[in-house]
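When a residue number appears, it is its place in the shown sequence, counting from 1. This structure is a prediction, so every number in the text was calculated from the model and none was measured.
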Amino acid sequence: QVQLVESGGGLVQPGGSLRLSCAASGSISRINVMGWYRQAPGKQRELVATITDNANTNYAESVKGRFTISRDNAKNTLYLQMNSLKPEDTAVYYCCAERVWVITTIERYWGQGTQVTVSS
């Protein structure tokens, strides 16, 4: 019911910046939480950042102060601005859209992922 398409990944040097985009379409009116996750080689998928309908944001400790999550509701697009990138940020980054009731996730949708590689 919801389609998510990520873009903006690529190769960047340590200390560099990238901005990821996630274009949402379909039945998105009931979505109230969107976020970014990432999965590095040999690692579990982990939460990077989330943003709610109330514009509340949450970040993983490893990216606080470096990454910023934002949205453009008019364009149905989610962004992740990544600054001061480190090699350990290398991962496939996934966009996620959720319908949440209190603490229960009712629906969850995933994008196909976009590769971010931080290397000199």
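Arg71 contributes a side-chain N or O that, together with a main-chain N or O of Thr52, makes up a donor-acceptor pair within less than 3.5 Å. Judged purely by atom type and a 3.5 angstrom limit, Asn54 has no side-chain atom pairing as donor or acceptor with the backbone of Asn56. In this structure, the side chain of Thr114 engages the main chain of Gly9 through a donor-acceptor pair within 3.5 Å. At least one donor-acceptor pair under 3.5 Å links the side chain of Thr77 to the backbone N or O of Lys75.
Side-chain contact between Ser119 and Leu11: present, with at least one pair of heavy atoms (C-beta onward) separated by less than 4.5 Å. Looking only at side-chain heavy atoms (C-beta outward), Val12 and Thr117 stay at 4.5 Å or farther from each other. Here the side chains of Val102 and Thr104 are not in contact, with every heavy-atom distance at 4.5 Å or above. Within the 4.5 Å cutoff, the side chain of Leu78 has no heavy atoms near those of the Leu20 side chain. Side-chain contact between Met82 and Val116 is present, with heavy atoms from C-beta onward closer than 4.5 Å. Under the 4.5 Å side-chain criterion, counting only non-hydrogen atoms from C-beta, Leu18 is in contact with Leu85.
In this structure, the side-chain contact (heavy atoms from CB on, under 4.5 Å) partners of Thr57, at least two apart in sequence or on a different chain, are Ile51, Tyr59, Ile69.
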Item to check | Phe67 and Trp36: CA distance, side-chain angles, deciding distance, ring-ring contact (aromatic ring centres under 6.0 Å, His included) verdict | outcome: CA-CA 11 Å; Phe67 291 10; Trp36 291 94; over 10 Å; no

Next on the checklist: Evaluate Ser17 against Asn83 for side chain to side chain donor-acceptor pair (under 3.5 Å), listing each step before the verdict.
Outcome noted: CA-CA 4 Å; Ser17 298; Asn83 298 325; 2.9 Å; yes

Checklist entry - Can Trp110 and Glu6 be said to form a side-chain contact (heavy atoms from CB on, under 4.5 Å), step by step? => result CA-CA 10 Å; Trp110 296 97; Glu6 302 97 330; over 6 Å; no

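What you find for Val92 and Gly113 is that their closest heavy atoms are CG1-CA, 3.8 Å. Contact between Ser84 and Asp89 at its shortest, heavy atoms only, is O-OD2, 4.4 Å.
For residues 93-103, the pairs satisfying side chain to side chain donor-acceptor pair (under 3.5 Å) are Arg38-Tyr93, Glu98-Arg108, with sequence neighbours left out. For the disulfide bond (SG atoms under 2.5 Å apart) condition, the pairs that include at least one residue of residues 84-120, sequence neighbours left out, are Cys22-Cys95.
For the atom pair OG of Ser25 and CD of Gln1, the computed distance is 12.0 Å after rounding to the nearest 0.5 Å. The structure places CG of Asn32 at 8.0 Å from CD1 of Ile106, a figure rounded to the nearest 0.5 Å. Taken from CG in Asp53 to CZ in Arg30, the straight-line distance is 13.0 Å, to the nearest 0.5 Å. A distance of 7.5 Å separates CD in Gln115 from OG1 in Thr90, rounded to the nearest 0.5 Å. Rounded to the nearest 0.5 Å, atoms CG (Leu80) and OG (Ser21) are 9.5 Å apart.
A chain of hydrophobic side-chain contacts below 4.5 Å, direct or via other Ile, Leu, Val, Met, Phe, Trp or Tyr residues, connects Val118 to Val48.
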